[in-house]
Amino acid sequence: MPTKPTLRRRPSEGTSPTPTPPPKLPLPALLALATAVFITSLTETLPAGLLPAMSADLGVSESATGQTVTVYAIGTALTAIPLTAATAGWRRKRLLLAAMAGFAAANTVTAVSEAYLLTMGARFVAGVAAGLAWALLAGYARRLAPAHLQGKAIAIAMAGIPVALSLGVPAGTFLGEVVSWQVAFLVMTGLTVGLLAWIAALVPDHPGQEPGGQEPGGAGAPAPRTLHALRVPGVTPVLFVTLVFVLAHTVLYTYIATFLDELGMGGSTDLVLLVFGAASLVSIWIVGALIHRRLRALTLASVLLVGVAAAVLAAFSASPALVYVAVTLWGLGWGGAPTLLQTAAGDAADKAGAADAAQAMLVTLWNVAMAGGGVFGGVLLGLAGTSSFPWTILLLLVPVLLAVAAARRHGFPVRGGGGGR
């Protein structure tokens, strides 16, 4: 491609170095990572829109079919930490290709399976691949970017989450209704195969962990460092915030269709999810632009926005217009949360060479919270109905807000560590 002319220094001239342009973000590589995040997120949530057809073909109840989401989260939670330690020495590109190949295989088996147990096994394998991918993707995005753009790089990679939730799930549901749920999963396989070629061609490679225990670039985390990461200042507050914040979000998101149905808005579920996803994309853009200097302020704003959204849903859910306002605030608060939490964990643990270990624990707790949110939400639904969801979110967010506010030196610092005021 054409380049700008460079200034050449004659031997008799001074010794000032030739100006060089500042490093830029490798967008093709980061968009490949964003697509990997999209596939990972959509593979997890796709069954939610296909439950009736899947349960009929597999010969089990919709409740049993819904456990295909739970077993995915369990596979991720059980294997993220040990797999991250076991593959610490692998080159990053090889590891990413292996994880995405796992998705292609699992989604293919899910599509052709006619047996419930085989389907559950395939979903567990998909969860294992997700555990490996989630522990890898944020750190990979960081290492692809110069230091001052690492937060923006993670934001680009994590954009796959709201796109999957707002566009992928409705599109997969529509495809399942028009053609079949099996085709929806086969389309996922096709997307993954295309992504494998994309990664192979355009994503730069990086080395894994060196035998001495430190990954080049400061991102290594062998098995002994997994528990060591918990003693690094700031890591524990970030993990606590992750666990409770994700739990609060999942309680409502898992049962959003049921919640809306109780409000007489069941026919608008797709539109509500679209509004949520659009607001989430705006949130990711804002976080990507400001995270390097304002991680703490953005995290506080994220928690407060979700809290205000819950309060509106608790007090004014009878008004459809205010429900849309609440969902918009919810998306604005939640969209950037994965980027904020993964950046906070990476910043806190990076100086101690335990970034990968912190990310693996974050992934594990994230999926524990997702599985727990589904179970907890189901219990609330049976005991108190959908009206209890917003109030439960408000109660859960109180310790989250206090934890972020208290971690002003480490975790969500006032200065440094990618934070800022």
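Below, each value reflects all heavy atoms present in this structure, side chains not excepted, and no hydrogens, waters or symmetry copies.
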Heavy-atom side-chain contact between [X] and [Y] under 4.5 Å:
X: Tyr140; Y: His206; answer: yes
X: Leu144; Y: Leu33; answer: yes
X: Tyr72; Y: Pro47; answer: no
X: Val69; Y: Thr45; answer: no
X: Leu132; Y: Val128; answer: no
X: Thr76; Y: Glu44; answer: no
X: Met54; Y: Phe185; answer: yes
X: Met265; Y: Tyr324; answer: yes

Closer than 3.5 angstrom, by distance alone: can the side chain of [X] be matched with the main-chain N or O of [Y] as a donor-acceptor pair?
X: Arg296; Y: Pro413; value: no
X: Ser302; Y: Leu298; value: no
X: Thr119; Y: Ala115; value: yes
X: Arg294; Y: Val287; value: no
X: Ser283; Y: Gly336; value: yes

**Asked** With a cut-off of 6.0 Å (strictly less than), are more than 12 heavy atoms of other residues, nucleotides or ligands near CH2 of Trp198?
**Response**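 Yes, CH2 of Trp198 has more than 12 neighbouring heavy atoms, counting only those of other groups under 6.0 Å.
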Minimum heavy-atom separation for [X] to [Y], with atom names?
X: Ala77; Y: Val368; result: CB-CG2, 3.8 Å
X: Ser113; Y: Leu58; result: O-CD2, 4.1 Å
X: Trp90; Y: Ala98; result: CZ3-CB, 4.2 Å
X: Ser317; Y: Leu313; result: CB-O, 3.0 Å
X: Ile199; Y: Ala32; result: CG1-CB, 4.5 Å
X: Ala200; Y: Leu97; result: N-CD2, 4.4 Å

**Request:** Name the orientation class of the two ring planes belonging to Trp334 and Trp366 (parallel below 30°, tilted from 30 to 60°, perpendicular beyond 60°).
**Result:**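 Tilted.
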**Request:** Please state whether the rings of His249 and Tyr253 are parallel, tilted or perpendicular, taking 30° and 60° as the class boundaries.
**Result:** parallel
**Message:** What verdict does the side chain to side chain contact (heavy atoms under 4.5 Å, CB included) test give for Arg92 and Leu96, after you've listed the backbone C-alpha separation in whole Å, the side-chain angles of each residue and the deciding distance to 0.1 Å?
**Reply:** CA-CA 6 Å; Arg92 301 294 91 180; Leu96 180 59; over 6 Å; no
**Request:** Using side chain to side chain contact (heavy atoms under 4.5 Å, CB included) as the criterion, point out the one residue from Leu196, Leu191, Thr35 that pairs with Met100.
**Result:**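 Among the candidates, only Leu196 passes.
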**Message:** Here's a test for you: under side-chain hydrogen bond (donor to acceptor under 3.5 Å, both in side chains), which of Thr43, Thr192, Thr189 qualifies with Asn107?
**Reply:**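 With Asn107 as partner, side-chain hydrogen bond (donor to acceptor under 3.5 Å, both in side chains) holds for just one option, Thr43.
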**Asked** How far does OG1 of Thr70 sit from CZ of Arg123, to the nearest 0.5 angstrom?
**Response** 10.0 Å
